[in-house]
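What follows is a set of notes on a single structure, which appears directly below.
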Amino acid sequence: MADEGFAFSPHVMRRFPKSNLDDSRCIFNYRLSRSRQYVECVFGILTHKWRVLLSFLQMAPENATLVIQACVILHNFVRIHDAPSEVDLLEPGTSSSSGGRPGTVGLAFRNLYEEYFSSPEGELPWQIDIVHGRL
């Protein structure tokens, strides 16, 4: 999830603007926000355990991918074989931008997710109550 300073792409999603939101767009914004919270929490746990992630990874992208994958594998190994630490028990929370105009591919992906989250296959039983403030 990104703010308005980031360009759309298949890998960067942005919320719908707050004006004129129907239920499906409110649901999309809520689900996107929740996913960002979990990603931030997970990355916080990983950086706490694996300090290499605290600084800029000055390496080729394919090597950076391998380093991150190694951290995830090691984290999972430790979780299986050791008791969880206090940082593993953190609840997700809310915690830059670059210029660019929305891309049509990114907008298309956002619309697909919006449709999916409001479809029978993708909906959560309580999501409409959340966006209307009933839960």
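At a threshold of 4.5 Å between non-hydrogen side-chain atoms, the residues L107 and R110 count as touching. Within the 4.5 Å cutoff, the side chain of E114 has heavy atoms near those of the F16 side chain.
Hydrophobic clustering of Ile, Leu, Val, Met, Phe, Trp and Tyr side chains at less than 4.5 Å, counting indirect connections, unites W50 with M59. The hydrophobic cluster containing V42 also contains V52, counting ILVMFWY residues as joined when their side-chain heavy atoms lie under 4.5 angstrom apart, directly or transitively. Side-chain heavy atoms closer than 4.5 Å link hydrophobic residues (I, L, V, M, F, W, Y) into clusters, and following such links, even through other members, never connects L66 to F43. By the rule that hydrophobic residues join a cluster once side-chain heavy atoms approach within less than 4.5 Å of another member, I73 and F77 end up as members of separate clusters. Grouping the Ile, Leu, Val, Met, Phe, Trp and Tyr side chains by contacts below 4.5 angstrom, directly or via other members, places L124 with L21.
Around CG of N76, the count of heavy atoms belonging to other residues, nucleotides or ligands within 6.0 Å exceeds 12. Under a cut-off of 6.0 angstrom, the local environment of CD in E62 is crowded, with over 12 non-hydrogen atoms contributed by other residues, nucleotides or ligands.
In this structure, the separation between CZ on R31 and OG on S33 is 12.0 Å, given to the nearest 0.5 Å. For the atom pair SG of C26 and CD of Q127, the computed distance is 11.0 Å after rounding to the nearest 0.5 Å.
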Handout entry: R14 and L32: CA distance, side-chain angles, deciding distance, side-chain contact (heavy atoms from CB on, under 4.5 Å) verdict
Key = CA-CA 8 Å; R14 289 195 336 221; L32 185 64; 5.7 Å; no
Problem - Verdict with supporting geometry, C41 and Y38, side-chain contact (heavy atoms from CB on, under 4.5 Å) - result: CA-CA 5 Å; C41 184; Y38 278 98; 5.6 Å; no
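With hydrogens and angles disregarded, a donor-acceptor distance shorter than 3.5 Å links the side chain of T47 to the backbone of G44. In this structure, N29 contributes its side chain and R15 its backbone to no donor-acceptor pair below 3.5 Å.
The minimum heavy-atom distance between M13 and Y113, with the atom names listed, is SD-CD1, 4.0 Å. When all heavy atoms are compared, the tightest approach of L57 to A64 is CD1-CB, 4.0 Å.
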